[in-house]
Structure formats: structure tokens, C-alpha cells
Amino acid sequence: MTDQKLLFKFLTRLGDNCLILGHRNSEWCGHSPILEEDIALANIALDFIGQARLWLELAGEIEGKGRSADDLAYLRDSHEFGNLLLSEQPNGDFAQTLLRQLLFDAWHVYMLDGLTSASDPRIAEIAEKALKEARYHIDRSISICTRMGDGTAESNRRMQDALNLLWPYANEMFTSDDVDQAMEDMGISTPLDQIKVKWDMLIDGFIDDANLIKPKDNYAQRGGKQGVHTEHMGFILSEMQFLQRAYPDAKW
């Protein structure tokens, strides 16, 4: 692949992560256990959708085929999406939603921090804007997940169950391929192994503070970055893309 094609893939991965996780969080709107959390998750979802638009707009520009952010969001099939498998996992109970968010936020904040120094000023500018939101996200995630883990026996059990369930999806964030390597070589992104060192320190500290038990790294789920997704992805897209596909190019 040319550098431009690899850059397009990298940018769509960033956008797809935000788009899919933002959609997942939006599913809580009107259904959260308390009003404050309902509003908080809706706001985080909006943050992610806004970030997705910026990444996908730039991806479309890099691709040079005239595709907009809307085209990339609503007119691609599952195998064309490069989001992490973690982002597409079902909401489950509230502990599962919050823990999924924490695992992602801990990666996202360090990834964006590295991208603020990208050799491409357009990427650095988007990353700097998104980083402000990501720092709020990780602070909130650590705070609320720690309180749940260090709370009642029931809240601790639910948080531990969520950690056990989602842990196998975490390692995909640090599994490098030709796209990741090219971005490092081009001075775009920070090496994933360096991000993992920081991620491990943050997550290990959270696990200790929340009185949880760290799962063993027996196996890792992966494939999302290459377009190989879980069965959940099709259901997400069927809901998210329905209106655009049912009424192509509709004007509102």
C-alpha cells in the first residue's frame, strides 16, 4: 500500500472507534439508572461523534475519492470498518458499559497525546482538540469505576465480572500491524508498546484502588482493526445506517 492508503486506514480506524463507541453510549439515552448518568453518557457520545466526524472528514480528504464523513459512516459495510472489537461490545449492565469506557479511555488519552505531535499538522490539530475531551473522559471513568469497585459487595462483583468479560478485548489496542508501523515511521503516532506501558500503569493502579483482581492474559480477541468483527457489529450498523440506506441522500 502507498503511504496515503495506509494513512486513510489509520484515520478511519480512529474515526470508527469514536463512531461505534459513541453509538453504543447513545443507546443509554433515556435508559440510564439515574438522570445524571443519562446526561453524562449522552454528552460523551456526542463528544465521540464529533471526533468521528473530524477524523472521517480528514480520511475522506486523504482518500481523494470525494467521500464525505457521512459517506464513510453510513455507506460502508462491516468489513470496511476498522474499529476495535472492544468498542462494539454490548452495553450489558451499567458496570460493563463503564468498564468498557475506562479501558478505551486509558488507551485513547495516550494515543491522542502522542498524535498532538504528529508530523501532519491536520492530525495534530484534531488530536489536540479531542485530547481535551479525552482527559475529561478518563478522569470520569476512573472515578466512577473505582467507586463501584470499592463500593458494596454487589457493585464490586459487577465490576469484576465486567473486567473479566472485557479484558480479552483490551490487548487488540496494542497489537501492531503494517498500518501502525507505517504511522510510526511517518512520525504520525507513538509506538503502541510505549502507550501500553502507560496504559498498564494506569489500569493497574485502578484495579488496586477498586479492590479488583486483574485477569490473566490467557488469550486476546483481535481482528477489528482488519475488518473482522463480532456478530454485534452487524446489528449496530443495521440500526445506525438504516435511515440513510432506506432514503439515500434525503434532505432534512
Can you check whether [Y]'s main-chain N or O pairs, donor with acceptor, with [X]'s side chain at less than 3.5 Å?
| X | Y | result |
| --- | --- | --- |
| Gln194 | Thr190 | no |
| Asn17 | Arg13 | yes |
| Glu172 | Leu85 | yes |

Rounded distance (nearest 0.5 Å) linking atom [atom1] of [X] with atom [atom2] of [Y]:
| X | Y | atom1 | atom2 | value |
| --- | --- | --- | --- | --- |
| Arg222 | Asp177 | CZ | CG | 11.0 Å |
| Asn83 | Ile20 | CG | CD1 | 5.0 Å |
| Arg135 | Leu112 | CZ | CG | 9.5 Å |

Between [X] and [Y], does at least one N-O distance fall below 4.0 Å, as a salt bridge requires?
| X | Y | result |
| --- | --- | --- |
| Arg122 | Glu125 | no |
| Lys198 | Asp193 | no |
| Arg100 | Asp105 | no |
| Asp178 | Lys225 | no |

Could you tell me if [Y] and [X] have a donor-acceptor pair between their side chains, going purely by distance under 3.5 Å?
| X | Y | value |
| --- | --- | --- |
| Asp47 | Gln51 | no |
| Asp150 | Asn211 | yes |
| Trp55 | Thr12 | no |
| Gln244 | Asp70 | no |

Flag this pair as yes if the NZ/CZ of Arg158 is under 6.0 angstrom from the six-membered ring centre of Phe94 and inside a 45 degree cone about the axis; otherwise no.
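Relative to the ring axis of Phe94, which defines the angle, Arg158 lies outside at least one limit.
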
Below 30° counts as parallel, above 60° as perpendicular, anything between as tilted: where do the rings of Phe48 and His108 land?
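Judged by the thresholds at 30° and 60°, the geometry between Phe48 and His108 is tilted.
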
How about CD on Glu63, more than 12 heavy atoms from neighbouring residues, nucleotides or ligands closer than 6.0 Å, or not?
yes

Could you note down all residue pairs passing ring pair (Phe, Tyr, Trp, His ring centres under 6.0 Å) where residues 196-229 supplies at least one of them, sequence neighbours left out?
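Output for this query lists Trp167-Trp199, Phe174-Trp199.
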
